[in-house]
S.K.: 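Questions regarding the structure given below will be posed in turn.
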Amino acid sequence: MASIVSFKAGRLQRRENTDWVDPSPVKGTLQLLVADDGLLHFQWLNRASDTVEDDLIIFPSEATFEKVAQSAGGRTFVLKFTSSNQRHFYWLQDASTERDSQIVNNVNQLLADPTYAPNWEDSSPEDNQPQASTSTGGTAQQPTAQQLAEIRNILSQMGSSPVAPQSSADLSLADVLTPANLAPLFASPELVRSIFPHLPPDIPEEPSVEVLQRVIDSQQFQSAVRSLDQALATGLLGGLVRGLGLPEEAGTGVAAFLSAIKAQAEREGASDTMETD
């Protein structure tokens, strides 16, 4: 996996019990790449150990890379997520500042559209770059591959369930994947067992309705659903949905995604019926 954009950058660590962040002297590299899973990865690599220590999966338009206005040196930036209060702070370590504005422009273009081809010619003036506060806020998580797999399994079980009519523009996964809608599905022991392999590794091994109820009530799950909602709205998830066994057009919007899930569930249901005949 070759990186699309990479540049020297260090991390900043939050000072305990404050909203202040302090730069770490550890030499690092920030790199953005599209991995085999078809998703954009935002990685921080420790140059001393040549080890990737941060690997964040980011959906199109889910995050921005903004200059911190209060930074004394003017080279501190924050990766901000639109679906949560999560913040990651970095400082540029290249001795020259000549490419700073180009780096920020290319990073933000890739965060908006992973198919973007970086442009290293003269970019827009520095004052066009987004500005951010140093406030670090909460620590909600962005969606993981396991959470997406979980959503796929749940949606496939809902394929034959009626959904209230809505226009495509108003349709939202957050309105479909609510605890009230999902809880009745857990009456099926087979469904409970099938979901568990796709849950995060820190979930207890023994499948139970109570554990699944805690998952769908959690802020992490709701954040994952909102992030997938926003990503589907961009129409740029063709590569991701192919990895879920869906046609590329399923990544063009929420309505198309739900329709593809429903069609897939109907095909699998028909196949199961034929096998038992």
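All values reported here derive from a predicted model rather than from experimental measurement.
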S.K.: Check Asp94 with Lys8, please: is the shortest side-chain N to carboxylate O separation under 4.0 Å?
M.R.: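 Result for this pair is no, no salt bridge flagged.
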S.K.: Given the rule in the side-chain contact (heavy atoms from CB on, under 4.5 Å) test, do Thr51 and Leu45 qualify, once you have shown the distances and angles that lead to the verdict?
M.R.: CA-CA 5 Å; Thr51 302; Leu45 179 143; over 6 Å; no
S.K.: Would you confirm whether Gln264, through its side chain, and Ile261, through its main-chain N or O, come within 3.5 Å as a donor-acceptor pair?
M.R.: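 Checked: no pair found.
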S.K.: Just by distance, do the side chain of Asn108 and the backbone of Val104 share a donor-acceptor pair under 3.5 Å?
M.R.: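 Yes, because the side chain of Asn108 sits within donor-acceptor range (under 3.5 Å) of the backbone of Val104.
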S.K.: Closer than 3.5 angstrom, by distance alone: can the side chain of Gln93 be matched with the main-chain N or O of Phe7 as a donor-acceptor pair?
M.R.: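 Side chain of Gln93 to backbone of Phe7, a donor-acceptor pair under 3.5 Å: no, none is there.
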S.K.: Strictly under 6.0 Å, is that where the ring centroids of Phe42 and Tyr90 end up?
M.R.: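 Yes: the rings meet the under 6.0 Å criterion.
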S.K.: Is the shortest side-chain N to carboxylate O distance from Arg11 to Asp54 below 4.0 Å?
M.R.: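 Salt bridge flag = yes for Asp54 with Arg11.
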S.K.: Determine yes or no for a side-chain-to-main-chain donor-acceptor pair under 3.5 angstrom, with Thr76 supplying the side chain and Val68 the backbone.
M.R.: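 Flag not set: sc Thr76 to bb Val68 has no pair under 3.5 Å.
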S.K.: What residues form a side-chain hydrogen bond (donor to acceptor under 3.5 Å, both in side chains) with Gln13, not counting sequence neighbours?
M.R.: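 Partners of Gln13 by the side-chain hydrogen bond (donor to acceptor under 3.5 Å, both in side chains) criterion come out as none, since no residue qualifies.
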S.K.: Ignoring hydrogens and geometry, is there a side-chain-to-backbone donor-acceptor pair from Thr97 to Asp100 under 3.5 Å?
M.R.: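 No; zero donor-acceptor contacts below 3.5 Å.
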S.K.: Are the aromatic ring centres of Phe77 and Phe65 under 6.0 angstrom apart?
M.R.: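 Yes.
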S.K.: Drop me the distance from Lys67's NZ to Ser101's OG, to the nearest 0.5 angstrom.
M.R.: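 Answer for the NZ-OG pair, Lys67 versus Ser101, is 8.5 Å.
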S.K.: State, without any angle test, whether Glu190 and Ser188 hold a side-chain donor-acceptor pair at a distance under 3.5 Å.
M.R.: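 Looking only at side-chain atoms, Ser188 and Glu190 do not form any donor-acceptor pair under 3.5 Å.
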